[in-house]
Amino acid sequence: MTVNDVKLVELPKYLDQRGNLSFVQNNAQIPFEIKRTYWIYDVPGGEARGGHAYKETEEFVIAISGAFDVTVDDGKEKKTFSLNRSYYGLYIPKGLWREIENFSTNSFALEFASTSFNEDDYVRDYNDYLTLKTNGEI
Ligand code: TYD
């Protein structure tokens with residue numbers, strides 16, 4: 001996988017005077033079956049999240065409120081996506097290093113994952129990541 005496999009997806013949007021509505025479904029806007037959902041909130045100013053890669057997990061990230069930047073890195077190239085609308089989601093395939101930073105006040109990141117939680121799926125050391133990537137093991 002490379003950073004070119006990361007996709008910004010525009011989600012359906014029902015504009016309504018009563019308030020707008022967007023949605024995601026398995027195997028549609030999200031190109032995998034959702035096994036897990038988690039969210040990140042109350043991030044203090046200046047903090048960063050992520051800082052790891054997954055061996056198998058694919059993810060889909062939405063800025064439900066506020067804004068933040070997601071940087072993906074395949075060991076050769078980096079790309080940063082600024083998420084600041086609740087009707088866009090970022091699909092991140094497995095095997096890429098990722099960081100999330102520049103959280104705005106009251107931002108809320110909703111993340112859908114293709115796997116159940118498993119610490120063994122994480123690569124948390126960047127040099128280990130580069131070695132695995134060079135050897136084609138991630
Ligand atoms: P981590 O994925 O390292 O956070 P981030 O990538 O956002 O910086 O998760 C932090 C801790 O939360 C981790 O040590 C284990 C726990 N955790 C779960 O138990 N289940 C989950 O689904 C997630 C994402 C994390």
Side-chain angles (χ1 to χ4, degrees):
M1 291 297 162
T2 75
V3 294
N4 295 321
D5 296 307
V6 177
K7 301 287 180 219
L8 191 61
V9 179
E10 185 167 2
L11 302 174
K13 184 168 55 164
Y14 284 86
L15 300 179
D16 192 310
Q17 289 175 344
R18 300 170 301 159
N20 302 335
L21 180 152
S22 290
F23 63 86
V24 289
Q25 292 193 170
N26 276 342
N27 299 315
Q29 296 79 21
I30 296 188
F32 55 78
E33 197 166 320
I34 301 162
K35 288 272 176 55
R36 176 164 52 102
T37 304
Y38 64 97
W39 47 98
I40 294 171
Y41 54 99
D42 290 348
V43 179
E47 290 294 337
R49 303 288 316 215
H52 53 68
Y54 297 118
K55 294 176 198 158
E56 292 300 332
T57 303
E58 300 168 70
E59 285 203 326
F60 193 89
V61 187
I62 302 176
I64 292 292
S65 71
F68 48 82
D69 294 335
V70 182
T71 299
V72 287
D73 176 346
D74 57 23
K76 291 199 172 126
E77 209 185 324
K78 285 186 188 190
K79 252 190 188 176
T80 297
F81 296 86
S82 293
L83 299 186
N84 53 21
R85 292 283 183 270
S86 60
Y87 51 88
Y88 276 92
L90 189 69
Y91 168 66
I92 309 176
K94 64 182 179 179
L96 297 178
W97 189 265
R98 29 81 68 84
E99 315 259 1
I100 310 181
E101 54 203 346
N102 299 327
F103 288 89
S104 70
T105 306
N106 287 333
S107 55
F108 173 17
L110 184 60
E111 309 212 16
F112 301 95
S114 65
T115 60
S116 300
F117 180 74
N118 176 6
E119 184 62 40
D120 293 342
D121 195 44
Y122 283 75
V123 181
R124 291 191 181 273
D125 181 277
Y126 188 67
N127 287 325
D128 290 349
Y129 171 70
L130 291 179
T131 305
L132 289 167
K133 198 77 183 162
T134 305
N135 295 340
E137 292 167 334
I138 192 169

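Side-chain atoms are counted along with the backbone in the values below, which use heavy atoms only and exclude waters and symmetry mates. Each ligand, and each atom within it, is numbered from 1 in the order the structure gives. Sequence positions, counted from 1, serve as the residue numbers for this chain.
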*Asks:* Looking only at protein heavy atoms, identify the closest one to atom 1 (P) of ligand 1 and say how far it is in Å.
*Replies:* Y122 OH, 3.7 Å
*Asks:* Would you say atom 11 (C) of ligand 1 has a protein heavy atom nearer than 4.0 Å?
*Replies:* no
*Asks:* Taking all heavy atoms of I40 and all of R49, pick out the closest pair and write down the distance.
*Replies:* CG2-CG, 4.1 Å
*Asks:* So, E111 and R98, do they make that salt bridge, N to O below 4.0 Å?
*Replies:* yes
*Asks:* Evaluate the ring planes of F112 and F60, with Trp represented by its six-membered ring, and classify them as parallel (under 30°), tilted (30 to 60°) or perpendicular (over 60°).
*Replies:* tilted
*Asks:* Give the residue and atom name of whichever protein heavy atom lies nearest to atom 8 (O) of ligand 1, and the separation in Å to one decimal.
*Replies:* G50 N, 2.8 Å
*Asks:* What are the atoms of ligand 1, with element, lying closer than 4.0 Å to any heavy atom of Y38?
*Replies:* 24 (C)
*Asks:* For F117 together with Y122, are the ring centres under 6.0 Å from each other?
*Replies:* yes
*Asks:* Hey, is atom 20 (N) of ligand 1 under 4.0 Å from any protein heavy atom?
*Replies:* yes
*Asks:* Which protein non-hydrogen atom lies closest to atom 13 (C) of ligand 1, naming both residue and atom, and how far is it?
*Replies:* R124 NH2, 4.2 Å
*Asks:* Could you list which atoms of ligand 1 come closer than 4.0 Å to a heavy atom of H52?
*Replies:* 2 (O), 5 (P), 6 (O)
*Asks:* What residue and heavy atom of the protein are closest to atom 4 (O) of ligand 1, and at what distance?
*Replies:* R49 NH2, 3.1 Å
*Asks:* Please tell me if the side chains of R36 and T57 come closer than 4.5 Å, counting only heavy atoms from C-beta onward.
*Replies:* yes
*Asks:* Among all protein non-hydrogen atoms, which one is nearest to atom 24 (C) of ligand 1, and what is the separation to 0.1 Å?
*Replies:* R36 NH1, 3.4 Å
*Asks:* Do you see a donor-acceptor pair shorter than 3.5 Å between the side chains of Y87 and N20?
*Replies:* no
*Asks:* I'd like to know if R124 and E119 make a salt bridge, using a cut-off of under 4.0 Å between side-chain N and carboxylate O.
*Replies:* yes
*Asks:* For atom 15 (C) of ligand 1, what's the nearest protein heavy-atom neighbour? Residue, atom name and distance, please.
*Replies:* F117 CZ, 3.5 Å
*Asks:* Suppose I only count heavy atoms of I40 and a 4.0 Å limit; which atoms of ligand 1 are within that range?
*Replies:* 7 (O)
*Asks:* What are the two closest non-hydrogen atoms of V123 and W97, and how far apart are they?
*Replies:* O-CZ3, 3.3 Å
